Amino acid sequence: MMNVLYLLLMYVLSASALPEVIKLAALFDDHSGPEEAAFQRAIDMVNDDRTILTRSLVTMDISRYPQDDSFKASKKLCELIRPGIAAVFGPTQSFSANHVQSVSEALHVPFMETRWDYDFKRSDYSISVHPHPSVLGKAFADFVRKVRWKSFVILYENEEGLVRLQELIKMPKTFSGMQVTLRQLTGDTIDYRPLLKEIKKSGETRIVLDCDYDKIALILHQANEIELLTDYHNYLITSLDVDKINFEQYTHQNVNITGFRLVDPNTELVRKYLKKFPNRLQGKAHPLYSSNALMYDSVQVFAKALNNLDSLQTIELMSLSCDAAGAWPDGEKVLGYLKEVDHVGLSGEIRFDNDGFRTDFQLDLVEKVRGRLKKTGIWNMEAGVNYTMSASEAGTQMIEKLANKTLRVVTVLNSPYVMEKVFDSTVTAEAKARFSFLERYEG
């Protein structure tokens, strides 16, 4: 009887086994070093985690290509898939990524994407851990509604920005009296002061800044030079990595700078990650920069999907070709489990809809307080923007902003609210002029 049970157990285990070695392929351009490093760290973490894929070793095959050479990228891709792989990761450049989408769909190999992509229809075998631009656009519009901006300037870099900001651009159609002005950053110069001076001359004090992360600090510096970074100015920066910018030079300026971040550095998972991989890098090389965190999360998501599949089904890798007919028979199984994954990663909760788009994620609302950005609220699809600061925290923040400030209040005589006191005839006009406001008026 024991022999029968043993054989039955061995049959079940063999029938639901993954390959001993699972190969993941990655294609990176020569500007994607930080994302490649994140990919490698994720593979190491999967293999070190003895609670997942315990009977398999995950290996990687990485190819690199010049960023402007899509032909070489396609050639490298075909070399990667030939031995048999379970998934493709990267690239993030649109043309190369679109080619990978086509190949993955033809061969039924899942393509894990981490790039910004505005298409609403994607390849059946493409899964994106990056929030869709239309959803991010809703977050920006929700903030503008929350703070009741009646007018603002959108300062954008390229046409992709206009797609990303459609929810903001369309707001005047649904909110009467709202005015939106579009101004494009000049592409042939890094001196944006003439354009910023035009915005200053217009009198507009609310600015939505949509540009590459590397340009944000320069634009703010030039805005400060022409006094477009005062207490009366409000900025919404659309980069999900606004918290990686150094604001120390603006410590004593009370300009209102707001943005959203995808990665909360204070979660236990993120703290453990940084402890495992200590960081001294900045900007796009920072391990928590959104594209790097999303690359890490994409590997973890895929590993979890395979782990879930391992308990019920089996897969085998097979040699594939870009030129010959024939798709991976087990690709559809893997795709089904990917769409059912429920995972918490560096970028928060990760779930997908039936089309492979990420759903149910949350963003942190961050605002400049002194020389740093502080979390003041959260955003999600259902509730919109929700401020999380307590009344005492909000009061403390207001006191800090008003420190060493002189406020000038202007009013008019308006009985019974503001009235000049009645003085006897001995009080001259010159004496009244020397009185304080409370000495001279009542109401």
Side-chain angles (χ1 to χ4, degrees), residues 8-26 38-61 81 84-90 104-105 107-114 122-131 267-270 272-273 293-318 320 327-362:
L8 181 61
L9 177 61
M10 292 302 295
Y11 172 77
V12 171
L13 289 175
S14 63
S16 60
L18 295 173
E20 289 185 3
V21 177
I22 301 171
K23 182 179 289 187
L24 304 182
F39 178 76
Q40 294 176 345
R41 286 194 293 264
I43 299 288
D44 292 340
M45 289 290 280
V46 169
N47 288 325
D48 290 344
D49 187 350
R50 301 323 301 162
T51 66
I52 190 171
L53 299 179
T54 55
R55 292 175 291 176
S56 300
L57 174 70
V58 180
T59 64
M60 55 187 160
D61 193 355
I81 65 175
I85 58 173
V88 181
F89 295 77
S104 72
E105 184 168 23
L107 300 180
H108 292 188
V109 175
F111 174 31
M112 302 298 294
E113 294 202 69
T114 60
R122 63 190 324 107
S123 161
D124 290 340
Y125 282 81
S126 174
I127 300 290
S128 180
V129 295
H130 194 293
T267 66
E268 183 179 355
L269 178 67
V270 172
K272 286 183 178 179
Y273 177 70
L294 289 171
M295 180 59 69
Y296 178 89
D297 282 350
S298 67
V299 175
Q300 295 286 324
V301 164
F302 189 80
K304 189 165 187 177
L306 287 186
N307 190 68
N308 294 341
L309 181 151
D310 187 29
S311 62
L312 296 171
Q313 301 197 47
T314 182
I315 64 169
E316 292 184 10
L317 302 183
M318 61 176 283
L320 298 168
W328 184 31
D330 294 328
E332 190 172 356
K333 294 181 192 176
V334 178
L335 181 68
Y337 278 87
L338 273 170
K339 291 183 178 180
E340 294 175 2
V341 161
D342 192 339
H343 178 70
V344 177
L346 299 179
S347 60
E349 294 186 16
I350 302 175
R351 300 186 189 91
F352 304 101
D353 62 18
N354 291 331
D355 295 320
F357 292 109
R358 185 170 176 177
T359 61
D360 302 328
F361 64 92
Q362 178 176 290

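Counting from 1, the numbers follow the sequence of the chain as shown. Just so we're clear, the structure is a prediction, and the values are computed from it rather than from any experiment.
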Engineer: Quick one: CZ on R41 to OH on Y273, what's the gap to the nearest 0.5 Å?
Structural biologist: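 With rounding to 0.5 Å, CZ (R41) is 3.5 Å from OH (Y273).
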
Engineer: Do L317 and I85 have side chains that get closer than 4.5 Å, going by heavy atoms?
Structural biologist: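 No, their side chains stay 4.5 Å or more apart.
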
Engineer: For residues Y125 and S104, report the shortest heavy-atom separation together with the two atoms involved.
Structural biologist: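 Minimum heavy-atom contact is CB-O, 3.9 Å.
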
Engineer: Report the residues that fulfil side chain to side chain donor-acceptor pair (under 3.5 Å) with E349, sequence neighbours left out, ordered by chain and then residue number.
Structural biologist: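 Per chain and number, E349 pairs via side chain to side chain donor-acceptor pair (under 3.5 Å) with R351.
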
Engineer: Under the salt bridge (charged side-chain N to carboxylate O under 4.0 Å, His left out) test, which residues partner E20, sequence neighbours left out?
Structural biologist: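 With sequence neighbours excluded, E20 shows a salt bridge (charged side-chain N to carboxylate O under 4.0 Å, His left out) to no residue whatsoever.
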
Engineer: Who are the side chain to side chain donor-acceptor pair (under 3.5 Å) partners of D353, not counting sequence neighbours?
Structural biologist: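 D353: no side chain to side chain donor-acceptor pair (under 3.5 Å) contacts found.
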
Engineer: Side chain to side chain contact (heavy atoms under 4.5 Å, CB included) with I43: which residues, sequence neighbours excluded?
Structural biologist: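 With sequence neighbours excluded, I43 shows a side chain to side chain contact (heavy atoms under 4.5 Å, CB included) to L24, F39, N47, V58, M60, V299, given in chain and number order.
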
Engineer: What closest approach, in Å, do P131 and F361 show between heavy atoms, and which atom pair accounts for it?
Structural biologist: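 Nearest heavy atoms, P131 then F361: CB-CZ, 3.3 Å.
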
Engineer: Rounded to the nearest 0.5 Å, what separation is found between the CG atom of L57 and the CD1 atom of I22?
Structural biologist: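 CD1 of I22 is found 8.5 Å from CG of L57.
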
Engineer: Please report the C-alpha distance between L107 and I81 in whole Å, then the side-chain angles of each, then the deciding distance to 0.1 Å, and finally whether the side-chain contact (heavy atoms from CB on, under 4.5 Å) criterion is met.
Structural biologist: CA-CA 9 Å; L107 300 180; I81 65 175; 3.1 Å; yes

Engineer: Considering all heavy atoms of both residues, which atom of S56 and which atom of P19 are nearest to each other, and what is their separation?
Structural biologist: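 In this case the closest contact between S56 and P19 is OG-O, 2.7 Å.
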
Engineer: Using the salt bridge (charged side-chain N to carboxylate O under 4.0 Å, His left out) criterion, which residues pair with K333? Sequence neighbours excluded.
Structural biologist: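 Testing K333 for salt bridge (charged side-chain N to carboxylate O under 4.0 Å, His left out), a comparison that skips the adjacent residues, returns D330.
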
Engineer: Can you list the residues that meet the side chain to side chain donor-acceptor pair (under 3.5 Å) rule with S347, with sequence neighbours excluded?
Structural biologist: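 S347 satisfies side chain to side chain donor-acceptor pair (under 3.5 Å) with D297, R358 once adjacent residues are dropped.
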
Engineer: Sequence neighbours excluded, which residues qualify as salt bridge (charged side-chain N to carboxylate O under 4.0 Å, His left out) partners of D355?
Structural biologist: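 Checked D355 against salt bridge (charged side-chain N to carboxylate O under 4.0 Å, His left out); zero matches.
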
Engineer: Are any of the side-chain heavy atoms of K339 and I127 separated by less than 4.5 Å?
Structural biologist: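 Yes - at least one pair of side-chain heavy atoms lies under 4.5 Å apart.
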
Engineer: If we ignore hydrogens and angles and just use 3.5 Å, is the side chain of D61 paired with the main-chain N or O of A25 as donor and acceptor?
Structural biologist: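 Here the side-chain-to-backbone pair does not exist.
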
Engineer: Identify, with sequence neighbours excluded, every residue that meets salt bridge (charged side-chain N to carboxylate O under 4.0 Å, His left out) alongside D44.
Structural biologist: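 Not a single residue meets the salt bridge (charged side-chain N to carboxylate O under 4.0 Å, His left out) criterion with D44.
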
Engineer: Can you tell me how far CG of L346 sits from NZ of K272, rounded to the nearest 0.5 angstrom?
Structural biologist: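 The NZ atom of K272 sits 12.5 Å away from the CG atom of L346.
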
Engineer: Just to verify, what does T51 make a side chain to side chain donor-acceptor pair (under 3.5 Å) with, not counting sequence neighbours?
Structural biologist: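 Result, side chain to side chain donor-acceptor pair (under 3.5 Å) vs T51: D49.
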
Engineer: More than 12 heavy atoms of other residues, nucleotides or ligands under 6.0 Å from CG of D48: yes or no?
Structural biologist: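 Enclosed.
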
Engineer: Atom CG in L309, atom CG in L335: separation rounded to 0.5 Å?
Structural biologist: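 Rounded to the nearest 0.5 Å, the CG-CG separation comes to 11.5 Å.
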
Engineer: On a heavy-atom basis, which atom in A38 and which in Y296 lie closest, and how many Å separate them?
Structural biologist: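 Nearest pair, atom of A38 first, then Y296: O-CD1, 3.9 Å.
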
Engineer: What heavy-atom pair brings L320 and W328 nearest, and what distance separates the two atoms?
Structural biologist: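 Looks like CD2-N, 3.9 Å.
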
Engineer: Can you name the residues that form a ring-ring contact (aromatic ring centres under 6.0 Å, His included) with F111, not counting sequence neighbours?
Structural biologist: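 Once residues adjacent in sequence are excluded, F111 has no partner under the ring-ring contact (aromatic ring centres under 6.0 Å, His included) criterion.
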
Engineer: List the atom of V334, the atom of P110, and the distance in Å for their closest heavy-atom pair.
Structural biologist: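 Closest approach of V334 to P110: CG1-CG, 3.9 Å.
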
Engineer: Going by side chain to side chain contact (heavy atoms under 4.5 Å, CB included), name the residues that satisfy it together with S298, two or more places apart in sequence or in a different chain.
Structural biologist: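 Listed in chain order: F89, M112, T114, V129, M295.
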
Engineer: Quick one: list whatever passes side chain to side chain contact (heavy atoms under 4.5 Å, CB included) with H343, sequence neighbours left out.
Structural biologist: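 Counting only residues at least two positions away or on another chain, H343 forms a side chain to side chain contact (heavy atoms under 4.5 Å, CB included) with Q300, V301, K304, V341, I350.
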
